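Reviewing the structure listed below.
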Amino acid sequence: MNIKYSLVIPCYNEEKNIDNLILGCKNIINNPFFELILVNNGSIDKTFEKITKQTENYKNIKCVNIKKNIGFGYGVFTGLNKSSGQIIGYTHADLQTDPNDFLKAVEIIEQYPSKHKKFFIKGLRHGRSFTDIFFTKGMTFIMSILFFRYMHDITAQPVVFNRQLLEKCKIFPKNFTIDLYLYYIAKKYKYSVRRFKVSFPDRVYGIGNNDTLVKKLKNSILVMFQSIILRYKTLI
């Protein structure tokens, strides 16, 4: 099987979403040039069992098992390192992001000349609440100043790029700053950054990290603190 495209999806306590996630990935896993890598990111529910059961039915689904949850970024990089494709990407498992957006990103990539490898494709969320937009604009302002580059809607998914981008990475954030770091690296090395609109519906199952105003405030403070540490690490 000649795998060209790899989509990594870290899954943490997503047992109720796995079946629908696989169903949403049908256009990916039915294509022989694609592979889906589901990372059990230290779940304490039955996520791992649900994933392994699904892998029995599909040849191009890989299951990567991480026994202890260290962070979203760790799950992403672990999955990317296990991938086979030259064009790689990742997204979330909570179904707030459509895995088929990965296919839209690939369509954009196919528009580039075959020799062009410096591309970075990222979703751009629309149709969100005023509160979400407010927090996003605030983080955009702060991160753009901190990193001296315009960094908008940093956590939007999917994120898709050529494998060679990983060679530019000197550090590998284990938390959610992975989105910020890869976006920064792409801009630093003058990759062609393309954004496209994606939907961002509410979760059907599970508890989100930002589903209340209090959580949004706490997470924003945490992300700012982690981002300052990340910025320091990029300078040393």
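Only a predicted model underlies this, so the values are computations on that prediction, with no experimental measurement involved.
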Check whether any side-chain heavy atom of F134 lies under 4.5 Å from a side-chain heavy atom of R128, and answer yes or no. no
For the side chain of T97 and the backbone of Q157, is there at least one donor-acceptor N/O pair under 3.5 Å apart? no
Might you point out which heavy atoms bring I3 and P32 nearest each other, and give the distance in Å? CD1-O, 3.6 Å
Quick check on the 6.0 Å ring-centre criterion: do F72 and H92 meet it? yes
Please report the closest heavy-atom contact between F196 and D101, naming both atoms and the distance. CZ-O, 3.4 Å
Looking only at heavy atoms, what is the nearest atom pair of C63 and T55, with distance? CB-CG2, 3.9 Å
Rounded to the nearest 0.5 Å, how far apart are CD1 of I121 and CD of Q111? 9.0 Å
Just verifying a value: how many Å separate F102 CZ and F34 CZ, rounded to the nearest 0.5 Å? 6.0 Å
Sub-3.5 Å donor-acceptor pair from the side chain of S43 to the main-chain atoms of N13, do we have one? yes
R231 side chain vs L146 backbone, donor-acceptor pair below 3.5 Å: yes
Between E14 and K50, is the side-chain contact (heavy atoms from CB on, under 4.5 Å) condition met? List the steps. CA-CA 9 Å; E14 298 285 359; K50 294 293 289 287; over 6 Å; no
Hey, are the side chains of I51 and C11 touching, using non-hydrogen atoms and a 4.5 Å cut-off? yes
Report the distance from atom CG of L21 to atom NZ of K26, rounding to the nearest 0.5 Å. 12.0 Å
For atom OH of Y189, is the number of surrounding heavy atoms from other residues, nucleotides or ligands below 6.0 Å larger than 12? yes
Which is it for F33 and I28 under the side-chain contact (heavy atoms from CB on, under 4.5 Å) test, yes or no, and what are the steps along the way? CA-CA 9 Å; F33 297 106; I28 295 173; over 6 Å; no
According to a hydrophobic-cluster definition based on side-chain heavy atoms being under 4.5 Å apart (Ile, Leu, Val, Met, Phe, Trp, Tyr only), do L217 and L222 belong together? no
Plane angle bin for F120 and Y183 - parallel if under 30°, tilted between 30 and 60°, otherwise perpendicular: parallel
Walk me through whether F161 and L166 qualify under side-chain contact (heavy atoms from CB on, under 4.5 Å). CA-CA 9 Å; F161 48 89; L166 293 179; 4.0 Å; yes
Measure the shortest side-chain to side-chain distance between F147 and S144 over non-hydrogen atoms and say whether it is less than 4.5 angstrom. no
Is there a side-chain contact between K82 and S6, using heavy atoms and a 4.5 Å cut-off? no
Any sub-3.5 Å donor-acceptor pair from S84's side-chain atoms to E35's backbone N or O? no
For a side chain to side chain contact (heavy atoms under 4.5 Å, CB included) with S83, tell me which candidate from L36, V64, I37 qualifies. I37
Euclidean distance, I44 CD1 relative to E15 CD, rounded to 0.5 Å: 10.0 Å
Check whether any side-chain N or O of R163 sits under 3.5 Å from a backbone N or O of G85 as a donor-acceptor pair, and report yes or no. yes
Applying the side chain to side chain contact (heavy atoms under 4.5 Å, CB included) criterion to N40, which one of N65, I18, N69 satisfies it? N65
Would you find a donor on one side and an acceptor on the other, under 3.5 Å apart, between the side chain of R195 and the backbone of H152? yes
V8 side chain near F77 side chain, heavy-atom distance below 4.5 Å: no
Quick check for you: to the nearest 0.5 Å, what is the distance between L165 atom CG and I87 atom CD1? 12.5 Å
Taking the side chain from K67 and the backbone from N41, do they hold a donor-acceptor pair closer than 3.5 Å? no
Drop me the distance from K188's NZ to K168's NZ, to the nearest 0.5 angstrom. 10.0 Å
With side-chain contact (heavy atoms from CB on, under 4.5 Å) as the test, would you mind laying out the steps for I61 and I22 before giving the verdict? CA-CA 10 Å; I61 296 182; I22 297 296; 3.9 Å; yes
Are any non-hydrogen side-chain atoms of I88 and Y5 less than 4.5 angstrom apart? no
Would you say NZ of K117 has more than 12 non-hydrogen atoms from neighbouring residues, nucleotides or ligands within 6.0 angstrom? yes
Can you see which heavy atom on H116 is nearest to which on S192, and at what distance? NE2-CB, 3.9 Å
Any donor and acceptor pair, going by atom type alone, linking the side chain of N100 with main-chain N or O of N27 inside 3.5 Å? no
Going only through I, L, V, M, F, W and Y residues with side-chain contacts under 4.5 Å, is there a path from Y150 to Y191? no
Is a side-chain N or O of T52 found less than 3.5 angstrom from the main chain of E49, in a donor-acceptor match? yes
Is Y90 reachable from F200 through a run of hydrophobic residues whose side-chain heavy atoms are each under 4.5 Å from the next? no
Would you say N81 and T78 are linked by a side-chain donor-acceptor pair, where the criterion is simply a distance under 3.5 Å? no
Is there a path of hydrophobic side-chain contacts, each under 4.5 Å between heavy atoms of I, L, V, M, F, W or Y residues, that connects V39 with I70? yes
Mind checking whether Q86 and Q164 have side chains closer than 4.5 Å, heavy atoms only? yes
Locate the shortest heavy-atom distance separating P173 from I178; write the atom from each residue and the value. CB-N, 3.9 Å
On a heavy-atom basis, which atom in Y181 and which in I171 lie closest, and how many Å separate them? CE2-O, 3.2 Å
My understanding is that only one of T131, D153, T155 makes a side chain to side chain contact (heavy atoms under 4.5 Å, CB included) with T136; could you say which? D153
State, without any angle test, whether T177 and S227 hold a side-chain donor-acceptor pair at a distance under 3.5 Å. no
Can you confirm whether I145 is buried at CD1, in the sense that more than 12 heavy atoms of other residues, nucleotides or ligands lie under 6.0 Å from that atom? yes
Are there more than 12 heavy atoms of other residues, nucleotides or ligands under 6.0 Å from atom OH of Y184? yes
Going by heavy atoms in the side chains, are K137 and I133 under 4.5 Å from each other? yes
Would you kindly confirm whether F119 and I108 end up in one hydrophobic cluster when ILVMFWY residues are joined by side chain heavy atoms under 4.5 Å apart? yes
